[in-house]
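Beneath this line is the structure, given in structure tokens, with notes to follow.
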Amino acid sequence: MAELLDGKITAKNLRLEIKEEVNNWLASGGKKPHLAAILVGDDGASQTYVENKVKACEEVGFDSTLRRLPAAITEEELLREVDGINDNPDIDGLIVQLPLPDHISVERVTQHIHPEKDVDGFHPVNVGRMVKNLPSYISATPFGILKLLEKYDIDTQGKHCVVIGRSEIVGSPMSILMARKGNPGNATVTLTHSRTQNLKSHTLQADIIIAALGIPEFLTGDMVKEGAVIIDVGITRVPDATKKRGFSLKGDVKFDEVEPKASYITPVPGGVGPMTIASLLYNTLLSAQKKVFA
Ligand code: GUN
């Protein structure tokens with residue numbers, strides 16, 4: 001039986017810590033942190049995510065601005081919106097919710113956000129600073145995973161960590177963060193992906209597995225050794241007629257098979273997901289306090 005890594009409770013405690021830090025910061029004359037979010041189009045899931053981010057800002061005592069823009073906006077118009085926020089001294093952090101419509105280049109937009117306001121941590125300057133172990137904004141999902149490992153006191157030193165999936169926003173940064181000097185960190189990391197041969201031979205040797213490939217129930221019980229720590233990043237919507245909303249959320253881990261062998265495991269939902277908003281708040285506070293780009 002594994003112990004659950006409870007993202008809901010951990011994220012709630014993190015938000016309380018942030019709120020307390022904001023109160024101290026304001027009491028000492030600091031400026032109220034302010035996060036701006038841009039939402040292009042009317043994708044249902046994106047709307048929910050952004051609205052949750054804005055709600056979380058209010059909860060911890062931040063100001064927030066939500067700019068809703070039509071799906072037909074041109075890339076140039078969107079870049080001008082980003083300019084406006086880059087130049088607004090009251091705004092500490094800016095996120096442009098992804099995905100964007102196909103006619104807009106995510107890379108151009110991401111690189112247009114001023115690195116000092118890039119609280120998503122997607123700008124090459126922040127990615128580069130992370131790789132060099134300089135102060136940087138760490139993006140939401142990797143940050144959430146590190147915090148979960150830290151809060152549950154999971155020893156990563158010298159452990160073999162197998163990351164499945166090399167995406168730019170999860171697998172790749174996770175492999176760097178787990179290997180770098182620090183705690184959590186100092187792990188021996190294997191980064192696996194769609195071209196990896198005999199994946200199971202790697203996962204069977206892993207003390208820690210981070211599954212971030214986006215294939216529901218990919219990691220099965222026979223792929224995991226006894227006592228492994230399992231982090232499940234997947235949240236695929238799978239059609240489910242028994243649910244009122246018509247779908248259920250499935251992780252990348254076959255929970256019923258893997259859980260009995262694991263020492264710790266994240267549930268889906270309620271594991272990594274709830275942790276991600278806390279990172280945005282944390283980064284926005286760091287920005288208001290000028291702690292990353294001092
Ligand atoms: N869409 C899904 N995850 C994210 C995220 O972390 N940041 C942004 N901006 N968009 C997303």
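As the structure lists them, so they are numbered: ligands from 1, and atoms in each ligand from 1.
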Original post:
Under a 4.5 Å cut-off applied to non-hydrogen side-chain atoms, are Ser105 and Glu75 in contact?
Top reply: yes
Original post:
Are side-chain heavy atoms of Leu199 and Phe218 found at a separation under 4.5 Å?
Top reply: yes
**OP:** Give the residue and atom name of whichever protein heavy atom lies nearest to atom 8 (C) of ligand 1, and the separation in Å to one decimal.
**Re:** Asp120 OD2, 3.4 Å
**OP:** Distance to 0.1 Å, residue and atom name: give those for the protein heavy atom nearest to atom 3 (N) of ligand 1.
**Re:** Gln97 NE2, 4.5 Å
Subject >> Whether Phe122 lies under 4.0 Å from ligand 1, heavy atom >> reply: yes
Original post:
Any idea how Tyr137 and Phe293 line up, ring-wise: parallel (<30°), tilted (30 to 60°), or perpendicular (>60°)?
Top reply: tilted
Original post:
To the nearest 0.5 Å, how far apart are CD1 in Ile85 and NE2 in His112?
Top reply: 11.0 Å
Original post:
What distance separates Met130 CE from Ile176 CD1, expressed to the nearest 0.5 Å?
Top reply: 4.0 Å
Subject >> Leu98-ligand 1 polar pair, N/O distance under 3.5 Å >> reply: yes
**OP:** Compute the shortest N/O to N/O distance between Val96 and ligand 1 and return yes if it is under 3.5 Å, no if not.
**Re:** yes
